Participant: 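One structure coming up, written as structure tokens, with questions to follow.
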There are 2 protein chains.
Amino acid sequence: MGKERVTVIDIARAAGVSKSTVSLVLQASPLVNEVTRAKVNAVIRELGYVYNRGAANLRQSNAKSKIVGIVVNDLTNSFFAELAVGVDMVVQSAGYVQFLANTAENPDRQREVIASMREHGIAGLILSPARGTEAADLKPLMASGIPVVNVVRQIAGAKVSSLISDNRAGIRDAVRHLAGLGHHRIAFLGGFPDTAVFAERLEGYREALADMDLAARNELVIGSAPSRAGGVAAIERALALSERPTAAVCFNDAVAFGVCDGLRAHRLDPGEDFAVIGFDDVIEAQTAVPALTTVSVDPQGMGRRAAQLLLKQINAGRADAEAIVGSVRLVVRQSCGAASDKRERLALL
Amino acid sequence: MGKERVTVIDIARAAGVSKSTVSLVLQASPLVNEVTRAKVNAVIRELGYVYNRGAANLRQSNAKSKIVGIVVNDLTNSFFAELAVGVDMVVQSAGYVQFLANTAENPDRQREVIASMREHGIAGLILSPARGTEAADLKPLMASGIPVVNVVRQIAGAKVSSLISDNRAGIRDAVRHLAGLGHHRIAFLGGFPDTAVFAERLEGYREALADMDLAARNELVIGSAPSRAGGVAAIERALALSERPTAAVCFNDAVAFGVCDGLRAHRLDPGEDFAVIGFDDVIEAQTAVPALTTVSVDPQGMGRRAAQLLLKQINAGRADAEAIVGSVRLVVRQSCGAASDKRERLALL
DNA sequence: TGACAGATTTGGAACGTTCCAATTAACTAA
DNA sequence: TTAGTTAATTGGAACGTTCCAAATCTGTCA
């Protein structure tokens, strides 16, 4: 099998032109004659030439590479998987290729992968930071002028662009909706209390309670890992309270699903005996039973927007930090017991 | 901000040594004197030097790069997300970095991303092929001596290593288990009938039925998209049969979850009124309610094994195609109604 | 002292591409 | 014919690294 690399010089020799001409053909330059171009292209196909982007990059070190990095903190969470898919869509169609790494919430690993990506010369980075990431971690990246777009989580003090969803408004709307349905004891379940996102959502929760003249009671705020298992644990604690809540807004959809699981284990019917609202609107939210009422964030869309923002910055040379807060909207389905929908559904059976 | 690239020559000048020495330091060569090494390292830190792997790769074009590609057909399916996480774990700790691309089952896109990865000089590729991938698509890759490991799906006629799970045995065991519980009408639900994986699983289904002296009835085999929504559709059709099945083995866990959803919509309690078994053992399988009985494949583990196999081949120069079929094991939980477990659980409440 | 060995260090050349300036070819206008 | 113009092509040099062979330095031994 062909072991030696076929280079542009081999092509040139075989086609009877100079390497410069071959290079021009590769760049689809209008300078080269049609017949020459055809001949060169034929030889390229024939010899099975593959372009060496590394060498090209080296020469045009002023220009940027066609690689973007994406680093997420938990790829097993489908929210981030969707996010990555969204990013992939737009970078791929812009002719870029994506380095993806998963940090599993480990800041050390995050440092490593970012360093590795730098060595490979990424043109930009989309980052969903691991818990405990500090502004200092991004300093060297910023200094070398590589655009960074932060998603989902913000890093205090870092001068990078960010794209986060409107956490406060999302939870606020959810709580108002529940209050509107007549609930007085509404819990806030799940999430790590030491994160900025948690703080923002909790703020929305408190704000809505105040708006609706409901008492904010601390025992109704129950943190947990932001996962399905965490949701089970949280609802367990909530149901053990002397005065049980009748509804809950959850930190995210994974927690909400866990809460539904936990309710069933107690012979409670989510949506019927207890209202549940999630956050994120992951794909499963609409097909689950009961379909999950949730704050829609559209992770794929977010990925696409992040990628677009990043590409814009890459093309613009150096762009100044831009903070976009993505609007968010409550999608009412069955899990909050917003009756009409459910009754219709039952009537159908 | 520092715009110009800091090169090994800059380091050399600042440290008062030659670029060759700096290079040796970078490679942690034992040839260089301790005090020189320290000085050089200090300067490297001070000037914020970042290694240019592209240039290095170019020079040692005999050696391979430190990039592996991973191409999956559906990253939104958590099975593949987990797989990618598994791959990432081992390649990261081997000092590699992973290019990840999602083809969304589109063979054209798959061709593009593979071409792009080649241009970037990947050392190897892990591929979960899009539906309709042909052996010819991999020909050029193979010809250039880049190791490829196929996962999940096999490609007829391609001489590449593959790592697939024992589809036949998995479903066979599942069906036997159901038959052992006294079920006579067992359905096979979900999956695209034109895929090799489907064929293998169906074979296991038929084999088990024959073993247990049960009739194989065609109307009990119902294909669908291998997704949660597909599962809902499939169980819908199954319940419309004049003679309903009482149990189902599903193409994968996503389908199984959909089947549970569909059952609930009909006021049937999965695990109680109808037995359901999945395939894959995705993370949610154990925390779902009812916990899903499923054929365990451990996607992360599979990713790790695939990555190890690939790295082995990369290091070995060129390895010959190896076909590993991963063993598989039935994990009995609640959704198949294998009583004991469930009764205990109820007693606890 | 001179020769030799081992430990360090070093100047090119090379990797595969792009870019620049310069060359050649083919016409056109005067 | 000749100069001028446009179109097409081309030979280096350069990008940032590694590798090789050769050079330098130190110390030791006869």
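The model shown is predicted, which means the values in this text are computed figures rather than measured ones. Order of the sequence lines sets the chain letters (A, B, ...), proteins ahead of strands, with each chain counted from 1. Note that these values count all heavy atoms, side chains included, but never hydrogens, waters or copies made by symmetry.
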Participant: A:Ser144 and A:Arg118: side-chain donor and acceptor closer than 3.5 Å?
Facilitator: yes
Participant: Looking at residues at least two apart in the chain, or sitting in another chain, which of them share a side chain to side chain contact (heavy atoms under 4.5 Å, CB included) with B:Asn52?
Facilitator: A:Leu58, B:Arg5, B:Ala55
Participant: Who are the ring pair (Phe, Tyr, Trp, His ring centres under 6.0 Å) partners of B:Phe99, not counting sequence neighbours?
Facilitator: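 Ring pair (Phe, Tyr, Trp, His ring centres under 6.0 Å) check on B:Phe99 returns A:Phe99, B:His120.
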Participant: Would you tell me whether B:Gln27 and B:Ser23 have side-chain atoms, one donor and one acceptor, within less than 3.5 Å of each other?
Facilitator: yes
Participant: Starting from the first five and the last five pairs of the helix from C:dT1-D:dA30 to C:dA30-D:dT1, work out the angle between the resulting helix axes, to 10 degrees.
Facilitator: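 End axes: 70° apart.
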Participant: In Å, rounded to the nearest 0.5 Å, how long is the span from CG of B:Asn57 to NZ of B:Lys66?
Facilitator: 10.5 Å
Participant: With a 4.0 angstrom cut-off to heavy atoms of chain A, pull out the first and last contacting nucleotide of DNA chain D, in 5'-to-3' order.
Facilitator: D:dA8 to D:dG16
Participant: With sequence neighbours left out, write down each residue that passes side chain to side chain contact (heavy atoms under 4.5 Å, CB included) with B:Arg13, or none if nothing qualifies.
Facilitator: B:Ile9, B:Asp10
Participant: Identify the two heavy atoms, one from A:Ile314 and one from A:Pro147, that lie closest to each other, and give their separation to 0.1 Å.
Facilitator: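 So the two residues come closest at CG1-CG, 3.9 Å.
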Participant: Table please: side-chain donor-acceptor pairs of residues 124-131 of chain A below 3.5 Å, with sequence neighbours left out.
Facilitator:
| unit_1 | atom_1 | unit_2 | atom_2 | d |
| --- | --- | --- | --- | --- |
| A:Ser128 | OG | A:Asn73 | OD1 | 2.5 |
| A:Arg131 | NH1 | A:Asp194 | OD1 | 2.8 |
| A:Arg131 | NH1 | A:Asp194 | OD2 | 3.0 |

Participant: What residue among B:Glu105, B:Gln110, B:Arg111 forms side-chain contact (heavy atoms from CB on, under 4.5 Å) with B:Thr133?
Facilitator: B:Gln110
Participant: Not counting sequence neighbours, which residues clear side chain to side chain contact (heavy atoms under 4.5 Å, CB included) with B:Gln300? List them please.
Facilitator: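 For B:Gln300, the residues satisfying side chain to side chain contact (heavy atoms under 4.5 Å, CB included) (neighbours in sequence not counted) are A:Thr76, B:Glu82, B:Val85, B:Met89, B:Asp298, B:Arg304.
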Participant: Give the residues of residues 23-30 of chain B touching DNA chain D, defined as any heavy atom closer than 4.0 Å, sorted by residue number.
Facilitator: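 B:Ser23, B:Gln27, in order of number.
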Participant: Using the ring-ring contact (aromatic ring centres under 6.0 Å, His included) rule, collect all pairs that involve residues 26-54 of chain A, keeping only residues at least two apart or in two chains.
Facilitator: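 As it turns out, there is no ring-ring contact (aromatic ring centres under 6.0 Å, His included) pair with a partner in residues 26-54 of chain A once direct neighbours are skipped.
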Participant: Can you list everything that forms a side chain to side chain contact (heavy atoms under 4.5 Å, CB included) with A:Ala14? Sequence neighbours excluded, please.
Facilitator: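 Side chain to side chain contact (heavy atoms under 4.5 Å, CB included) list for A:Ala14, sorted by chain: A:Val43, A:Leu47.
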Participant: Can you tell if the side chain of B:Val151 reaches within under 4.5 Å of the side chain of B:Ser162, non-hydrogen atoms only?
Facilitator: no
Participant: What are the residues of residues 32-44 of chain A, sorted by number, that bring a heavy atom to within less than 4.0 Å of DNA chain D?
Facilitator: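 Within this stretch, A:Val32, A:Asn33, A:Thr36 sit under 4.0 Å of the strand.
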Participant: Can you find a pair of side-chain heavy atoms, one from B:Met142 and one from B:Val160, that are under 4.5 Å apart?
Facilitator: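 The answer is yes; the side chains approach within 4.5 Å.
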Participant: Got a sec? Which of residues 10-21 of chain A come in under 4.0 Å of DNA chain C, heavy atoms?
Facilitator: A:Lys19, A:Ser20
Participant: Side chains of B:Thr21 and B:Ser18 only: does a donor on one sit below 3.5 Å from an acceptor on the other?
Facilitator: yes
